[in-house]
Amino acid sequence: MPERGLESLFGPQDQNIKYLESLLSVRVGGRGAELLVEGDEADVAIVERILKDYGQLFNEGRTPSANELRTAFKQIADDRTSSLRELLTGQKRINPAGRKQVTAKGPNQKRYMEAIENNDIVFGIGPAGTGKTYLAVAMAVQYLMSKRVNRIVLARPAVEAGEKLGFLPGDLQDKVDPYLRPLYDALFDLMDYERATKFLEKRVIEVAPLAFMRGRTLADAFIILDEAQNTTSEQMKMFLTRIGFGSKAVITGDVTQIDLPSGRKSGLVEAQRVVSNIQGIEFIHFDERDVVRHQLVMMIIRAYDEHNKKISL
């Protein structure tokens, strides 16, 4: 591999390689175009495979960013059957509205996107930062732009997580907007502002509290229910029975972040037991290894999980 390729692989102050060393039981050293890899035999074999793939990619004119490399390194460490080439060139990609290309980061995100393609109802369950909602909105936009659906409906339960709605200023729309803001953020990140605003004004895209779904049947629509852990059993049943012909529904949530009043059963928790065996419904479970935000987010999630396990003992 050319020396310039090694510099790109190692990264500034060798940060990329140091990150790889932190994931595997290896030490990687280099002098000029030569590399020395020491450590566990199985891990050394993985690094050699990474180096071979990287050399081929570099020779083909592709130089992955540091973020792409580190994400791929983490995925390879978690799934030893993955290859750098496959992760950097063979990932599932979507281009929702020409604004930006969205790529699956890791095997679970890839399975999630494939599940949405192949099923009418998909549940994405896991912690914050795993891309559950963002990927669902990206696919919804792609379905709309390719005319596979006629509209998008984005919904959330308006649960008061310790903050009373009545104390928020403004009319009803102003009061519920804080709950729906993350859905707007994802939408405007994926579509240009003018197009998104036009679709919202014409109700081609609707962002609304879950309560607004009652009594409706939605056909030829892509429907996303976010923060579903805060639905009651009745609300979840109501939502799942709104699905009409030609529609897809994606339900996302984190069962460790339930804000329902004490004594109320989470509709998402119950749905895992009630509908998991129905053909055409698929559940994709994410964990802290799938977090694609700041590295600290993954560590924070893991720390809280360990803390909660100690409390429950």
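Computed from a predicted model, the values in this text were never measured in an experiment. We use all heavy atoms of the structure for the numbers below, so side chains are in, but hydrogens, waters and symmetry mates are not.
- Remark: Asn277 CG is loosely packed, at most 12 non-hydrogen atoms of other residues, nucleotides or ligands lying under 6.0 Å away.
- Arg264 CZ to Asp259 CG: the interatomic distance, rounded to the nearest 0.5 Å, is 14.0 Å.
- Nearest heavy-atom pair across Asp192 and Arg195 is OD1-N, 2.8 Å.
- Residues Leu69 and Tyr54 have side chains in contact (heavy-atom distance under 4.5 Å, counting atoms from C-beta outward).
- Side-chain contact between Ile121 and Ile278 is absent, with no heavy atoms from C-beta onward closer than 4.5 Å.
- Under the 4.5 Å side-chain criterion, counting only non-hydrogen atoms from C-beta, Leu187 is not in contact with Phe199.
- Residues Glu227 and Gln229 have side chains that bring a donor and an acceptor to within less than 3.5 angstrom of each other.
- For Phe222, the ring pair (Phe, Tyr, Trp, His ring centres under 6.0 Å) partners two or more places apart in sequence, or in a different chain, are Tyr143.
- Using a 4.0 Å cut-off between a side-chain N of Lys or Arg and a carboxylate O of Asp or Glu, Glu234 and Arg214 do not qualify as a salt bridge.
- Considering Leu218, Thr217, Ile223 as possible partners of Ile243, the one that fulfils the side-chain contact (heavy atoms from CB on, under 4.5 Å) test is Ile223.
- Side-chain contact between Val141 and Ile152 is present, with at least one heavy-atom pair separated by less than 4.5 Å.
- The minimum heavy-atom distance between Ser83 and Ile76, with the atom names listed, is C-CD1, 4.1 Å.
- Contact detail for Asp254 and Gly126: the closest heavy-atom pair is CB-O, 3.2 Å.
- Between Arg70 and Asn16 there is a side-chain heavy-atom pair separated by less than 4.5 Å.
- With a 4.5 Å cut-off on side-chain heavy atoms, Thr130 and Tyr112 do not count as touching.
- Atom NZ in Lys248 sits 12.5 Å away from atom CG in Asp220 (nearest 0.5 Å).
- With hydrophobic clusters built from ILVMFWY side chains whose heavy atoms lie under 4.5 angstrom apart, Met145 shares a cluster with Tyr193.
- Asn119 approaches Glu282 most closely through the heavy-atom pair ND2-OE1, 2.9 Å.
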Verdict with supporting geometry, Val28 and Leu51, side chain to side chain contact (heavy atoms under 4.5 Å, CB included): CA-CA 11 Å; Val28 184; Leu51 293 172; 5.6 Å; no

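- Gln56 CD to Arg85 CZ: the interatomic distance, rounded to the nearest 0.5 Å, is 5.0 Å.
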Step-by-step side chain to side chain contact (heavy atoms under 4.5 Å, CB included) determination, Leu154 to Asp226: CA-CA 8 Å; Leu154 310 173; Asp226 193 33; over 6 Å; no

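- No more than 12 heavy atoms of other residues, nucleotides or ligands shown are found within 6.0 angstrom of CZ on Arg27.
- Side-chain contact between Ile258 and Val269: present, with at least one pair of heavy atoms (C-beta onward) separated by less than 4.5 Å.
- The heavy-atom pair separating Gly267 from Met236 by the smallest distance is O-CG, 3.7 Å.
- Contact of the Leu240 side chain with the Ile251 side chain is registered, since non-hydrogen atoms from C-beta on lie closer than 4.5 Å.
- In this structure, CG on Leu135 lies 4.5 Å from CD on Gln109, to the nearest 0.5 angstrom.
- In this pair, Tyr304 and His307 present their aromatic rings perpendicular. The plane angle is above 60°, beyond the 30 to 60° band.
- Legend: residues meeting side-chain hydrogen bond (donor to acceptor under 3.5 Å, both in side chains) with Asp287, ordered by chain and number and at least two apart, are Arg289.
- With rounding to the nearest 0.5 Å, the separation of CE in Met113 from CD in Gln142 is 7.5 Å.
- The main-chain N or O of Gly55 is found under 3.5 Å from a side-chain atom of Asn59 such that the two form a donor-acceptor pair.
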Chi angles and distances behind the side chain to side chain contact (heavy atoms under 4.5 Å, CB included) call for Ile205, Met191: CA-CA 12 Å; Ile205 299 177; Met191 300 182 74; 3.9 Å; yes

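- Here Lys198 does not pair with Glu194 in a salt bridge; the nearest charged N to carboxylate O distance is not below 4.0 Å.
- Note: Phe123 and Phe283 have parallel aromatic rings, judged against thresholds of 30 and 60 degrees for the angle between ring planes.
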Verdict with supporting geometry, Glu114 and Lys110, salt bridge (Lys or Arg N to Asp or Glu O under 4.0 Å): CA-CA 6 Å; Glu114 290 171 347; Lys110 186 169 181 284; 3.0 Å; yes

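- Look at Glu21 and Lys18 and you find no salt bridge, because none of the NZ, NE, NH1 or NH2 atoms lies under 4.0 Å from a carboxylate O.
- At a threshold of 4.0 Å, the pair Arg80-Asp43 counts as salt-bridged, since one of the basic side-chain nitrogens sits closer than that to a carboxylate oxygen.
- The two residues Ala77 and Leu23 have their closest heavy-atom pair at CB-CB, 3.9 Å.
- Within the model, atoms OG1 of Thr252 and CD1 of Ile125 stand 9.5 Å from one another, a figure rounded to the nearest 0.5 Å.
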Steps toward side chain to side chain contact (heavy atoms under 4.5 Å, CB included) verdict (Asp189, Asp185): CA-CA 6 Å; Asp189 189 50; Asp185 289 343; over 6 Å; no

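- Lys237 places no side-chain N or O within 3.5 Å of a backbone atom of Thr232 that could act as its donor or acceptor partner.
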